[in-house]
Amino acid sequence: MSSTELPSVPAAHVLPQVATVRVAEGERLRSVGLPGVTLTVRSRPPRREGLPPALYVHGLGGSSLNWSALMEQLDGVVDSEAVDLPGFGDSPPPDDGDYSLTAHARAVIRYLDASGRGPVHLFGNSLGGAVTTRVAAVRPDLVRTLTLVSPALPELRVQRTAVPTGLLAVPGVTALFTRLTRKWTAEQRVRGVLQLCYGEPGRVTPEGFRNAVQEMERRLQLPYFWDAMTRSARGLVNAYTLGGQHALWRQAERVLAPTLLVYGGRDQLVGYRMCSRAARAFRDSRLLTLPDAGHVAMMEYPDVVARGFRELLAEVEGRESDPGRPGAGTGSGAPTENSGS
């Protein structure tokens with residue numbers, strides 16, 4: 001079933017030469033050409049053959065690098081790949097300039113269809129959580145399980161700390177912001193991002209901070225960096241206004257895959273209170289709450305998130321080996337674990 005296809009537009013981008021993207025030890029990068037988009041895919045060869053495939057999708061302003069720590073934790077459990085969405089990481093902009101939520105979901109679907117890896121264990125964070133929710137809803141054949149870390153699903157009462165990010169969607173705000181911050185160093189920008197996204201910024205190692213600064217310097221050289229950020233933010237806000245079968249909460253209710261929901265108690269971008277609504281919406285859900293985590297629990301506490309996923313996988317494999325076994329996922333919203341360490 002083809003879900004969100006749109007005609008592609010010939011590429012019209014001339015991309016500059018910038019510094020290379022960092023590749024963690026044991027990882028590989030490759031470029032995959034698809035209709036209308038070219039995606040960079042980060043992979044970590046599995047510890048042994050025959051492991052089930054997994055795909056990871058990052059959030060707004062992020063990249064496949066956001067998943068490196070979790071991929072390492074799971075390299076003996078799944079065969080991991082993480083994509084850079086169009087215009088992010090090392091992926092060039094889409095040919096048609098479409099950064100809507102539907103377009104990002106379409107890119108993920110096209111990759112899964114082309115690679116033949118589905119059904120996969122699908123992971124998403126923030127914007128990537130909204131993208132993967134849509135993928136799981138419209139193409140259930142491609143998704144074996146769904147793990148969402150602070151998914152960016154619509155909130156009626158948005159946290160004040162999340163407002164500046166949402167304002168990127170307003171015409172003219174990005175241009176104003178770039179003028180106001182033109183003298184900011186990469187180090188200043190990274191510290192601001194860490195304060196916003198981490199529950200405890202002090203957990204970032206000096207090496208991790210240096211790597212983040214280098215990546216920020218690289219991104220700022222890309223002429224389409226702010227365009228990708230602005231249009232993706234606008235696409236997410238627009239998706240929040242959709243009704244009917246395209247509404248994100250309605251699509252969450254349609255997800256058939258067993259779902260692990262991960263929420264941080266110190267998240268400044270996605271309200272912690274939304275975990276209860278999400279647990280009710282996803283019909284086969286289990287909830288993992290981390291009181292000390294912020295918006296990127298898979299980077300802050302990769303060992304805890306990995307443990308939660310391994311428990312989900314064991315449950316799913318147990319069901320598949322014994323079809324008569326009752327499922328444990330009730331969607332009741334009762335936490336399966338509370339941990340900040």
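Just so you know, residue 1 is the first one in the sequence shown, and it goes up from there. All values below come from the heavy atoms of this structure, side chains included, with hydrogens, waters and symmetry mates left out. These figures come from a predicted structure and were not determined experimentally.
Contact between Pro258 and Arg319 at its shortest, heavy atoms only, is CG-NH1, 4.3 Å. Minimum heavy-atom separation, Gly294 to Glu300: N-OE2, 2.8 Å. Here the closest non-hydrogen pair linking Pro154 and Met274 is O-CE, 3.5 Å. When all heavy atoms of Leu153 and Ala130 are compared, the closest pair comes out as CD2-CA, 4.4 Å. Scanning all heavy atoms of the two residues, the minimum distance from Ala137 to Val255 falls at N-CG2, 4.1 Å. Considering every non-hydrogen atom in both Phe123 and Ala54, the closest pair reads CE1-CB, 4.0 Å.
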Show me the donor-acceptor pairs within less than 3.5 Å that the side chains of residues 45-53 make with the rest of the protein, sequence neighbours left out.
{"from": "Arg47", "atom 1": "NE", "to": "Asp75", "atom 2": "OD1", "distance (Å)": "3.4"}
{"from": "Arg47", "atom 1": "NH2", "to": "Asp75", "atom 2": "OD1", "distance (Å)": "2.4"}
{"from": "Arg48", "atom 1": "NH1", "to": "Gly76", "atom 2": "O", "distance (Å)": "3.1"}

Validation: residues 236-245 side-chain donor-acceptor distances under 3.5 Å, sequence neighbours left out:
{"from": "Asn238", "atom 1": "ND2", "to": "Arg234", "atom 2": "O", "distance (Å)": "3.3"}
{"from": "Tyr240", "atom 1": "OH", "to": "Ala152", "atom 2": "O", "distance (Å)": "3.1"}
{"from": "Thr241", "atom 1": "OG1", "to": "Asn238", "atom 2": "O", "distance (Å)": "2.6"}

Could you pull out every donor-acceptor pair under 3.5 Å between side chains of residues 24-31 and any protein atom, sequence neighbours left out?
{"from": "Glu27", "atom 1": "OE1", "to": "Ala24", "atom 2": "N", "distance (Å)": "3.3"}
{"from": "Glu27", "atom 1": "OE1", "to": "Arg42", "atom 2": "NH1", "distance (Å)": "2.8"}
{"from": "Glu27", "atom 1": "OE1", "to": "Ser68", "atom 2": "OG", "distance (Å)": "3.4"}
{"from": "Glu27", "atom 1": "OE2", "to": "Ser68", "atom 2": "OG", "distance (Å)": "2.6"}
{"from": "Arg30", "atom 1": "NH1", "to": "Glu81", "atom 2": "OE2", "distance (Å)": "3.3"}
{"from": "Arg30", "atom 1": "NH2", "to": "Glu81", "atom 2": "OE2", "distance (Å)": "3.2"}
{"from": "Arg30", "atom 1": "NH2", "to": "Tyr111", "atom 2": "OH", "distance (Å)": "2.7"}

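Between Leu39 and the options Asp90, Leu34, Leu85, a side-chain contact (heavy atoms from CB on, under 4.5 Å) holds for only Leu34.
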Q. Can you list the steps and then say if Arg286 with Glu315 is a salt bridge (Lys or Arg N to Asp or Glu O under 4.0 Å)?
A. CA-CA 11 Å; Arg286 59 281 297 141; Glu315 178 189 329; 2.5 Å; yes
Q: Please report the C-alpha distance between Leu290 and Val304 in whole Å, then the side-chain angles of each, then the deciding distance to 0.1 Å, and finally whether the side-chain contact (heavy atoms from CB on, under 4.5 Å) criterion is met.
A: CA-CA 9 Å; Leu290 289 81; Val304 181; 4.0 Å; yes
Q) Can you check side-chain contact (heavy atoms from CB on, under 4.5 Å) on Leu148 and Thr132, steps first, answer last? A) CA-CA 8 Å; Leu148 302 176; Thr132 52; 3.3 Å; yes
(Q) Test side-chain contact (heavy atoms from CB on, under 4.5 Å) on Phe209 and Val213; report intermediate values, then the result. (A) CA-CA 6 Å; Phe209 182 77; Val213 170; 3.7 Å; yes
Q: Just do the side-chain contact (heavy atoms from CB on, under 4.5 Å) check on Val190 and Glu187 with the steps written out, would you?
A: CA-CA 5 Å; Val190 168; Glu187 289 87 349; 5.9 Å; no
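The CG atom of Leu248 sits 5.5 Å away from atom CG of Leu101, with the distance rounded to the nearest 0.5 Å. Expressed to the nearest 0.5 Å, how far CG of Leu256 lies from CG of Leu146 amounts to 11.0 Å. Summarising the geometry, atom OG1 belonging to Thr289 is positioned 12.5 Å from atom CG belonging to Asp267; distances are rounded to the nearest 0.5 Å. Between the CZ atom in Arg231 and the OH atom in Tyr224 there is a gap of 14.5 Å [rounded to 0.5 Å]. Atom OG1 of Thr147 is separated from atom CG of Leu261 by 9.0 Å, given to the nearest 0.5 angstrom. The line from SG of Cys197 to CG of Leu269 is 5.5 Å long, rounded to the nearest 0.5 Å.
Judged as a side-chain contact (heavy atoms from CB on, under 4.5 Å), and not counting sequence neighbours, the contacts of Ala252 are Thr133, Trp249, Ala281, Phe282. For the ring-ring contact (aromatic ring centres under 6.0 Å, His included) test, residues two or more places apart in sequence or in another chain that qualify with His121 are Phe309. For Ser100, the side-chain hydrogen bond (donor to acceptor under 3.5 Å, both in side chains) partners two or more places apart in sequence, or in a different chain, are Asp98. Considering only residues two or more places apart in sequence or on other chains, Glu215 meets the side-chain contact (heavy atoms from CB on, under 4.5 Å) condition with Leu65, Arg218, Arg219. Contacts of Gln195 classified as side-chain contact (heavy atoms from CB on, under 4.5 Å), with partners at least two apart in sequence or in another chain: Pro201. Applying the side-chain contact (heavy atoms from CB on, under 4.5 Å) test to Met299 and every residue at least two apart in sequence or in another chain returns Asn66, Tyr198, Val296.
The ring pair (Phe, Tyr, Trp, His ring centres under 6.0 Å) contacts involving residues 61-88 comprise Tyr56-Trp67, His58-Phe88, where partners must be two or more places apart or lie in separate chains. Here side-chain hydrogen bond (donor to acceptor under 3.5 Å, both in side chains) pairs that include residues 256-266, with residues two or more places apart or in two chains, are Arg266-Asp292. Pairs passing the salt bridge (Lys or Arg N to Asp or Glu O under 4.0 Å) check and including a residue from residues 243-255, sequence neighbours excluded, do not occur.
Ion pairing between Asp79 and Arg44 fails under the 4.0 Å rule for side-chain N and carboxylate O.
The shortest side-chain heavy-atom distance between Leu55 and Val108 falls under the 4.5 Å cut-off. Two residues are said to be in side-chain contact when any heavy atoms from C-beta on lie closer than 4.5 Å; Val270 and His295 meet this criterion. Residues Pro119 and Val143 have side chains not in contact (no heavy-atom distance under 4.5 Å, counting atoms from C-beta outward). The shortest distance between side-chain heavy atoms of Arg310 and Leu313 does not fall below 4.5 Å. Side-chain contact check for Arg189 versus Leu220: some heavy-atom pair is nearer than 4.5 Å. Between Leu288 and Leu260, the closest side-chain pair of non-hydrogen atoms falls below 4.5 Å.
With hydrogens and angles ignored, the 3.5 Å screen pairs no side-chain donor or acceptor of Glu317 with any backbone N or O of Ala314. The backbone N or O of His246 lies less than 3.5 Å from a partner atom in the side chain of Arg134, making a donor-acceptor pair. At least one donor-acceptor pair closer than 3.5 Å links the side chain of Glu155 to the backbone N or O of Gly271. Proximity of a side-chain donor or acceptor of Ser126 to a complementary backbone N or O of Gly59 within less than 3.5 Å is not detected. Asn125 places no side-chain N or O within donor-acceptor distance of the main-chain N or O of Gly128, the cut-off being under 3.5 Å.
Note on Met229: it does not cluster hydrophobically with Tyr99, by side-chain heavy-atom contacts below 4.5 Å among ILVMFWY residues.
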